[in-house]
There are 2 protein chains.
Amino acid sequence: MAITIKDIANAAQISAVTVSRILSNKEGHYSAATAAKVRKIAKNLGYRKNFAAAELVTRKNRVIAVIVSAVKTNFAEKILEGIANSAIKYGYNIVLLYVKPNNPQSQRHALQTILGRLIYGVLLVSLELTDENFQLLKTTKIPYLFISIAVKDGAAFIGSDDFQIGYQATNFLIAQGHTKIGIAGMSNSSYIGQQRVAGYRHAMKKQQLLIKDRWIQFGDFTYQAGIQAMKNYGAATELTAIIGTSDLVTIGILNTAAELNLSVPQQLSLLSIDGTQLTQIVRPQLSSITQDFYQMGYQGLRALVHQAEKKLKSHYMPFQIIERQSTSQLKSKR
Amino acid sequence: MAITIKDIANAAQISAVTVSRILSNKEGHYSAATAAKVRKIAKNLGYRKNFAAAELVTRKNRVIAVIVSAVKTNFAEKILEGIANSAIKYGYNIVLLYVKPNNPQSQRHALQTILGRLIYGVLLVSLELTDENFQLLKTTKIPYLFISIAVKDGAAFIGSDDFQIGYQATNFLIAQGHTKIGIAGMSNSSYIGQQRVAGYRHAMKKQQLLIKDRWIQFGDFTYQAGIQAMKNYGAATELTAIIGTSDLVTIGILNTAAELNLSVPQQLSLLSIDGTQLTQIVRPQLSSITQDFYQMGYQGLRALVHQAEKKLKSHYMPFQIIERQSTSQLKSKR
DNA sequence: TTGAAAGCGCTAACAA
DNA sequence: TTGTTAGCGCTTTCAA
């Protein structure tokens with residue numbers, strides 16, 4: 001039989017109510033002396049709070065639903081690790097739900113699973129909800145926060161400033177002398193993709209560089225999208241640099257470029273967005289815009305549980321540019 | 001205010017107890033007719049069971065702790081996805097804990113976090129506990145199950161038959177004409193590593209092939225371990241085939257072989273163990289022993305919750321050999 | 001600052 | 001097959 005607050009109350013010769021108040025940190029209802037005594041006894045007895053009992057009466061639980069897109073983005077795990085550690089720290093449990101990418105039904109199913117349980121909040125990791133499912137989420141009144149991928153209409157999220165990512169990636173390549181720069185692999189319908197392209201356009205325009213439509217190759221952030229993009233560019237492309245909008249996209253471009261006998265970075269510079277371990281296990285290693293996914297997860301959960309009462313606001317995480325082997329100064333025009 | 005069994009009882013003109021029994025599928029205590037009626041009403045009213053209340057009285061909760069090694073094995077995510085879906089299916093929540101690889105303190109911390117909560121069971125994913133920490137786990141009396149990595153002394157686990165993996169990997173290469181075969185990257189202290197090497201030795205011995213000590217290069221399953229192993233073999237190695245004991249190890253070998261001007265598979269065949277997506281994004285694509293990590297996770301949770309009463313027994317998952325581009329028939333002796 | 005009483009929603013034990 | 005009673009461990013009134 002586990003230790004209860006009654007046991008502590010007996011040992012301390014006070015009522016269970018006071019013990020409860022002390023152990024739940026309800027201030028202003030007890031003296032420091034009794035508090036100290038109670039805490040000491042609790043510790044000695046090895047008391048563990050029965051959360052089920054507490055939840056039953058408070059009608060609040062400490063479960064966060066985490067919905068992850070099962071897409072091959074390969075950075076979700078880092079985010080998850082951050083969320084997990086943060087959850088431990090703040091005393092929350094997790095319901096993990098994986099949804100199939102680009103599958104509204106799967107999304108809907110996940111959301112309904114959540115509705116079926118009393119949960120404290122929802123974290124949506126690299127997930128693009130359909131409008132319909134987003135409405136469903138909003139009607140639940142459960143606090144939610146998007147991580148890494150934002151939705152258009154001002155829903156709170158933690159992620160990177162994707163406009164800045166696109167802008168700075170482009171500027172980095174321009175600074176290396178490139179003028180014919182492509183961007184590839186991002187989803188046309190995603191906010192994140194639109195922002196990156198907007199940043200790219202802005203940088204090009206600012207330097208009065210023209211952009212050809214075909215330089216912008218949309219996709220779905222996957223390895224396949226990278227392959228397709230490079231095939232579309234073709235072996236005779238005039239581009240001297242390409243921004244791959246995910247590590248897998250960039251690797252797809254890299255491998256396809258090799259098939260087309262384009263050498264990286266001599267003939268073609270590649271700059272990848274994400275900066276996961278993948279950038280370092282391919283040859284050449286990929287220069288990248290590196291995001292701190294762990295922190296996104298960690299801060300995401302923290303924000304959700306700390307601000308659930310107030311309105312959640314969006315928050316950008318810093319990123320950095322790391323130069324590896326896939327980019328180089330443009331020597332001469334091809 | 002949420003719907004409770006009382007509301008249903010009122011609507012159905014019966015007692016709450018009967019409703020409880022029906023909705024909890026306690027058989028043999030009610031007629032099919034009332035059951036049907038109750039279920040229908042429950043559905044119409046949108047009834048959701050209050051798990052906190054149920055847990056309070058049954059003293060059983062539905063939380064599974066999942067402890068994952070944060071090591072760069074890159075297959076943990078698939079296992080996790082399986083666990084997550086399985087948990088949804090069987091109605092369990094998850095506490096996710098990441099521990100640092102090869103860090104007994106981190107392990108201990110995770111275990112103690114678990115002890116602090118009433119949980120139903122523990123799943124340990126690709127984690128090698130120290131003896132001391134394993135003792136700690138055993139003393140808790142909480143059911144546990146290892147996934148993907150086994151411990152020596154007969155603790156229950158779900159994973160692959162690593163002896164068979166080593167054995168069949170070696171036989172595959174022998175069948176291609178190789179006689180000088182190395183194995184690299186596995187941890188010397190891990191059961192999994194020992195088993196794979198044992199399988200390798202057995203296969204070689206059966207074909208009366210000699211093994212040189214230096215053909216067996218231990219490591220820690222990481223990318224770095226692969227690099228180091230290939231450096232140790234050297235450019236002038238007599239080996240014509242190497243088994244990399246994880247995808248990352250094999251990629252490390254691959255990249256280092258390239259640096260040493262050894263071409264794969266013409267001069268050196270590589271066979272990888274794991275078969276994650278990584279095998280397909282490097283060039284050449286890696287032939288592999290492919291394990292079904294998703295199923296390991298899915299079945300693992302299932303086994304834990306279904307057999308918690310009885311003694312859990314170990315269970316092997318099937319694996320398959322998939323030939324890609326990194327292995328080839330041995331043409332001539334080098 | 002402390003406590004008594006009541007009840008959260010559910011299920012186990014017993015009774016009918 | 002169904003119901004009555006009691007209580008899980010905690011927190012929230014309300015009263016002292």
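Atoms considered below: every heavy atom in the structure, side chains included; atoms not considered: hydrogens, waters and symmetry mates. Proteins come first, then strands; the chains are lettered A, B, ... in the order of their sequence lines, and each starts at number 1. Just so it is clear, the model here is predicted, and its values are computed rather than measured.
- You'll find that the side chain of A:N50 is closest to D:dG9, out of D:dT4, D:dG9, C:dT11.
- Atom NZ in B:K26 sits roughly 18 Å away from atom P in D:dG3 (whole-Å rounding).
- Listed nucleotides C:dT2, C:dT11, D:dG9 differ in distance to B:V57; the shortest reach to its side chain belongs to C:dT11.
- Mapping A:A52 and B:A35 onto DNA chain D via the closest heavy atom, the residue that lands nearer the 5' end is B:A35.
- Considering only the side chain of B:A53, C:dG9 comes nearest among D:dT13, D:dG9, C:dG9.
- For the atom pair OG (A:S187) and CD1 (A:I192), the distance works out to 9.5 Å, reported to the nearest 0.5 Å.
- OP1 or OP2 of D:dT11 has at least one side-chain nitrogen or oxygen of A:S24 nearer than 4.0 Å.
- Taking the six-membered ring for Trp and thresholds of 30 and 60 degrees, A:F293 and A:F75 have nearly parallel ring planes, at less than 30 degrees apart.
- Atom CD1 of B:I8 and atom C1' of C:dT11 are 15 Å apart (whole Å).
- Counting only heavy atoms from C-beta on, B:H29 has its side chain closest to D:dT2 among D:dT2, C:dC8, C:dC10.
- In the set D:dT11, C:dG3, C:dA12, the nucleotide with an atom closest to the side chain of A:I14 is C:dG3.
- Of the residues B:L123, B:L129, B:V125, B:I67, the one that meets the side-chain contact (heavy atoms from CB on, under 4.5 Å) test with B:F146 is B:L129.
- Rounded to whole angstrom, the span from the CZ atom of A:F51 across to the C1' atom of C:dG9 amounts to 19 Å.
- Considering CD of B:Q107 and CD of B:E128, their distance stands at 9.0 Å, rounded to 0.5 Å.
- Here C:dT11 presents its P atom at 11 Å from CG of B:N25, a figure rounded to the nearest Å.
- Look at CD on A:E55: it is 17 Å from C1' on D:dT12, rounded to the nearest Å.
- For B:T18 and D:dT1, the shortest distance from a side-chain N or O to OP1 or OP2 is not below 4.0 Å.
- Rounded to a whole Å, the CG atom of B:D7 is 11 Å from the C1' atom of C:dG9.
- Proximity of B:T58 to the phosphate of D:dC8: no side-chain N or O atom is located under 4.0 Å from OP1 or OP2.
- Applying the 3.5 Å distance criterion, the base of D:dG3 shares a donor-acceptor pair with the side chain of B:R21.
- Taking 4.0 angstrom as the limit, B:K6 places none of its side-chain polar atoms (N or O) nearer than this to OP1 or OP2 of C:dT11.
- Separating the CG atom of A:L56 from the C1' atom of D:dG9 is a distance of 9 Å, rounded to the nearest angstrom.
- Listed nucleotides D:dG9, C:dT2, C:dA5 differ in distance to A:V17; the shortest reach to its side chain belongs to C:dA5.
- Checked against the 6.0 Å centroid criterion, the rings of B:H315 and B:F157 do not qualify as a close aromatic pair.
- Dashed line: the shortest gap from a side-chain N or O of A:S15 to OP1 or OP2 of C:dG3 is under 4.0 Å.
- The side chain of A:A54 approaches D:dC10 more closely than any other nucleotide in the set D:dC10, C:dT11, C:dG9.
- In this structure, B:L23 places its CG atom 14 Å from P of C:dA12, rounding to the nearest Å.
- Rounding to the nearest 0.5 Å gives a distance of 8.0 Å between CZ of A:F51 and CG of A:N93.
- A:S20 comes within 4.0 angstrom of a nucleotide base, judged by non-hydrogen atoms across all strands.
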